[in-house]
Amino acid sequence: ALAVMVFGAFAVQAHRRAGLAALLEVGFVPAAMVLALLAAAAGSFEAALEGRLVAGLYLGFCILVALGALALLVFWGSFPWQGGAALQRQTMAEMIEVAHPLFTVGFLRYLSQNAPLLILGLAVALEEAGVFSVAHRLAMVLSLVLTAVNTAMLPRFAIAAKAEDWPGLERQARRAALLLLALGAPMLLGLAAFAPAILGLMGADFAAGGPFLWIMLLGQAVNLATATGGAVLSMAGYERALRRNAVISTLACLACAALLIPFFGGIGASIAIAVALGLQSVLAVVVVRRRMGLNLIPALPALQGRGAP
């Protein structure tokens, strides 16, 4: 159900309706949970505690939303406010050819973000793993900024790449990078400055996770500065290059986790996460520069681009 809902969201996003796409992709899930909890509280509180009623309402609501998203995708062309543009028809083979490497990228990102925690839980005391888990979740709050900006910019990147407007693509990507820094830097600096105090809100023992958070924020800082590289590659047809970058960064993350966690515990896990966050984005920027002739770093001169080789 969630997969269909997300698929429909990206179809809407292709029509440059970022708000509706974000609502379909992430807005309905929290709404479903709130409705389920309210319904459970109004009905049987004991059943709500057991989770059965909440789980049933959540699943049913997700199925309904998935059906709505599917209908939106199928009948989009008949909506008068759509503007008359029809969805570009693609064969299933073409869709699989693009989706397969992107699925691998998504899986490897999930693996690199969760494997260090699993290894840490096996190698050290569960208390330290718990502190690291909270610090990791706090560091990943910055991903909200990345998601928001990329949701708005991906259709623009795709249109520019389709038209082979490489200077325009470079200009938009550099502006998106500046926007990411403007939105993310204050949040990053605030988390870094008050890391022990923020973690301490979870309990006195969690304040010891400040060094974990600082290390992962370094990775997020690199990620913020170079995050548009992956989006440009995916929209310009370089899915396989994006997959290769994901393989390299995931292997580097796993190597750091396996070598460092047994000796340094949470510090080693934090380094592994930071490597995963920063390396893939840096590799994407390098590939964009070499293959497309685009410079996505705002502090460096623009290259105007030569497009695909």
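Not measured: the values here are computed from a predicted model.
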For Asn114, does the CG atom sit with more than 12 other heavy atoms under 6.0 Å from it, leaving out its own atoms?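 More than 12 within 6.0 Å, yes.
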When clusters are formed by joining ILVMFWY residues with side-chain heavy atoms under 4.5 Å apart, either directly or through shared neighbours, do Leu138 and Leu218 land in the same one?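 No; Leu218 is not reachable from Leu138 via cluster members.
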Consider only side-chain heavy atoms of I, L, V, M, F, W and Y, link residues closer than 4.5 Å, and tell whether Phe132 and Val141 are in one cluster.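 Yes: a chain of side-chain contacts under 4.5 Å links Phe132 to Val141.
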Option passing side-chain contact (heavy atoms from CB on, under 4.5 Å) with Ser281 (candidates Leu146, Val222, Thr228, Asn223):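 The passing option is Asn223.
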Ignoring hydrogens and geometry, is there a side-chain-to-backbone donor-acceptor pair from Arg243 to Thr104 under 3.5 Å?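 Not at all, since once roles are kept as given, no pair shorter than 3.5 Å links the two residues.
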So, does Gln220 use its side chain to make a donor-acceptor pair with the main chain of Ala139 at under 3.5 Å?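 Pair found, side chain donor or acceptor close to backbone of Ala139.
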Would you be so kind as to tabulate the donor-acceptor pairs closer than 3.5 Å made by side chains of residues 248-270, with sequence neighbours excluded?
{"unit_1": "Ser249", "atom_1": "OG", "unit_2": "Asn245", "atom_2": "O", "d": "3.1"}
{"unit_1": "Ser249", "atom_1": "OG", "unit_2": "Ala246", "atom_2": "O", "d": "3.1"}
{"unit_1": "Ser249", "atom_1": "OG", "unit_2": "Gln280", "atom_2": "OE1", "d": "3.3"}
{"unit_1": "Thr250", "atom_1": "OG1", "unit_2": "Leu108", "atom_2": "O", "d": "3.4"}
{"unit_1": "Thr250", "atom_1": "OG1", "unit_2": "Ala246", "atom_2": "O", "d": "2.7"}
{"unit_1": "Ser270", "atom_1": "OG", "unit_2": "Gly266", "atom_2": "O", "d": "2.8"}

Taking the side chain as everything from C-beta on, heavy atoms only, tell me whether [X] gets closer than 4.5 Å to [Y].
{"X": "Met187", "Y": "Val145", "answer": "yes"}
{"X": "Asn295", "Y": "Arg174", "answer": "yes"}
{"X": "Leu118", "Y": "Leu122", "answer": "no"}
{"X": "Asp205", "Y": "Glu127", "answer": "no"}
{"X": "Arg156", "Y": "Met153", "answer": "yes"}
{"X": "Asp165", "Y": "Leu169", "answer": "no"}

Under the side-chain contact (heavy atoms from CB on, under 4.5 Å) rule, collect the residues that match up with [X], sequence neighbours excluded.
{"X": "Pro196", "result": "Trp214"}
{"X": "Val285", "result": "Thr226, Ile297"}
{"X": "Gln113", "result": "His136, Met140, Ile273, Ala276, Leu277"}
{"X": "Ala274", "result": "Ile215"}

